[in-house]
Amino acid sequence: MSLQRLNEVRRSFLADLEAAGSDAEALEAVRVRYAGRRSGLLQELTAALRELPNGEKRDYGRALNELKKLVDSQLREAKRRTAAASAAGSRPMVDVTLPGRRPPRGAEHPVHLVRRRIETIFLRMGYSVEDGPEIEDDWHNFEALNLPPDHPARDDQDTFYLPGGSLLRTHTSPVQARVMEEYEPPIRIVVPGRVYRRDSDLRHSPMFHQLEGLVVDEGITFGHLKATLETFLKELFHGVEVRFRPSYFPFTEPSAEVDITCIFCGGKGCGVCSRSGWIEILGSGMVDPRVFEKLGVDAERYTGFAFGLGLDRVAMLLFGIPDLRLMFSGDQRVARQFA
Ligand code: PHE
């Protein structure tokens, strides 16, 4: 045994290692052959140290240690490489020819669709779209609209009151009041929005949607109201007849409720229209001069008309949706049908 022998082992180790490449089994065989505890070559070379003449022990020992370090670090490095290679090999293959995963497609909610259709009709007639707060005060929701605190019509609108005296608006009409306070006529607006009443069944939800309309200018007559609403309704519900029935609202005088011929039976009478052939669709009227006075609009100079309708109801009619609560269930399958 000698330094020469160490060099031979060193060379053969490096050659064997290279031959094994990244084959885990071959590498293990190399490890056993050189660094094996029982009969590895390094073990044998270490044992040989004792047999050497004292003068050679130092150099031999030093070279042997070098060789041990080399074998150890090379084996470790090779092992790391094979592990990395096999991890990469087991990764699922990417098929770049597959079509990508499509993101789920959203859809507009039926109420939103109806809102935009109605807005489009009125925008073409020269109206603008306004909005207002859902948390209102008594003045705008009631008082300014000619509904004093003891007025019986307040009972029709079961109101959600909030601590501190504010309330959830029961209709979009308070926006009429806000616009008249703020702007000089001519006014031509529609106001879509959420409204709230303590009411819940097949046809009522505590939150629903209305669209308000208001026109104020010199010389506005009931004829303008009729022509506008007839044009609007015939455009929204193609081919219907429109009729006006006298009615009452505290903030309009005279007032009218407006019906269309039933879009399901064409006016013959069916379940939807309760055999009457007509479906009530909106409330309207000439702005009561007392409302003008409360809001600082010159009632001698100006007249106007207003109307309000339920967007949810229109959506149910147009799309044949049987239960109002379906629309607010958050069930995406409802909206998806309108994509
Ligand atoms: N605000 C009324 C309601 O909620 C509807 C309406 C609006 C009637 C404007 C007349 C004029 O029932």
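One-based numbering, in listed order, for ligands and for the atoms of each.
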**Student:** Taking 4.0 angstrom as the limit and counting only heavy atoms of Phe307, give me the atoms of ligand 1 inside it, by number and element.
**Tutor:** 7 (C), 9 (C), 11 (C)

**Student:** I'd like to know whether Phe232 forms a ring pair (Phe, Tyr, Trp, His ring centres under 6.0 Å) with Phe122, so could you lay out the CA-CA distance, the side-chain angles of the two residues, the decisive distance to 0.1 Å, and finally the verdict.
**Tutor:** CA-CA 8 Å; Phe232 157 58; Phe122 281 102; 4.8 Å; yes

**Student:** Using the six-membered ring wherever Trp is involved, compare the ring planes of Phe328 and His209 and label them parallel, tilted or perpendicular (cut-offs 30° and 60°).
**Tutor:** tilted

**Student:** Please state which option from Glu257, Glu212, Arg197 has its nearest heavy atom closest to atom 9 (C) of ligand 1.
**Tutor:** Glu212

**Student:** Residues two or more places apart in sequence or in another chain: which of them pass side chain to side chain contact (heavy atoms under 4.5 Å, CB included) with Glu77?
**Tutor:** Arg80, Arg81

**Student:** Would Arg169 count as a contact residue for ligand 1, given that I'm defining contact as a non-hydrogen atom of the residue lying under 4.0 Å from a ligand atom?
**Tutor:** no

**Student:** Are any of the N or O atoms of Ser284 closer than 3.5 Å to those of ligand 1?
**Tutor:** no

**Student:** Heavy-atom contacts with Gly308 under 4.0 Å: which atoms of ligand 1 show up? List them by number with element.
**Tutor:** 6 (C), 7 (C), 9 (C)

**Student:** Going by the rule salt bridge (Lys or Arg N to Asp or Glu O under 4.0 Å), which residues pair with Arg10 if we only count those two or more places apart in sequence or in a different chain?
**Tutor:** none

**Student:** If you measure every N or O of Thr252 against every N or O of ligand 1, does any of those distances drop under 3.5 Å?
**Tutor:** no

**Student:** Using a 4.0 Å cut-off to any heavy atom of Ser173, which atoms of ligand 1 qualify?
**Tutor:** 1 (N), 7 (C)

**Student:** Please check if the side chain of Ser166 supplies one atom and the backbone of Leu162 the other of a donor-acceptor pair under 3.5 Å.
**Tutor:** no

**Student:** Can you name the atoms of ligand 1, numbered from 1 with element, that are less than 4.0 Å from a heavy atom of Gln210?
**Tutor:** 3 (C), 4 (O)

**Student:** Decide yes or no for Leu236 and Leu318: does some side-chain heavy atom of the first lie under 4.5 Å from some side-chain heavy atom of the second?
**Tutor:** yes

**Student:** Quick one: which ligand 1 atoms are inside 4.0 Å of a heavy atom on Gln176?
**Tutor:** 9 (C)

**Student:** Using a strict 4.0 Å cut-off to heavy atoms of Phe251, name the atoms of ligand 1 that fall inside it.
**Tutor:** 1 (N), 2 (C), 6 (C), 7 (C), 8 (C), 9 (C), 10 (C), 11 (C)

**Student:** Give a yes or no on whether a salt bridge exists between Arg169 and Asp137, defined as a side-chain N under 4.0 angstrom from a carboxylate O.
**Tutor:** no

**Student:** If you look at every heavy atom in Leu75 and Leu27, which pair is closest and at what distance?
**Tutor:** CD2-O, 4.4 Å

**Student:** Taking N or O atoms only and a 3.5 Å limit, does His171 qualify as a polar contact for ligand 1?
**Tutor:** yes

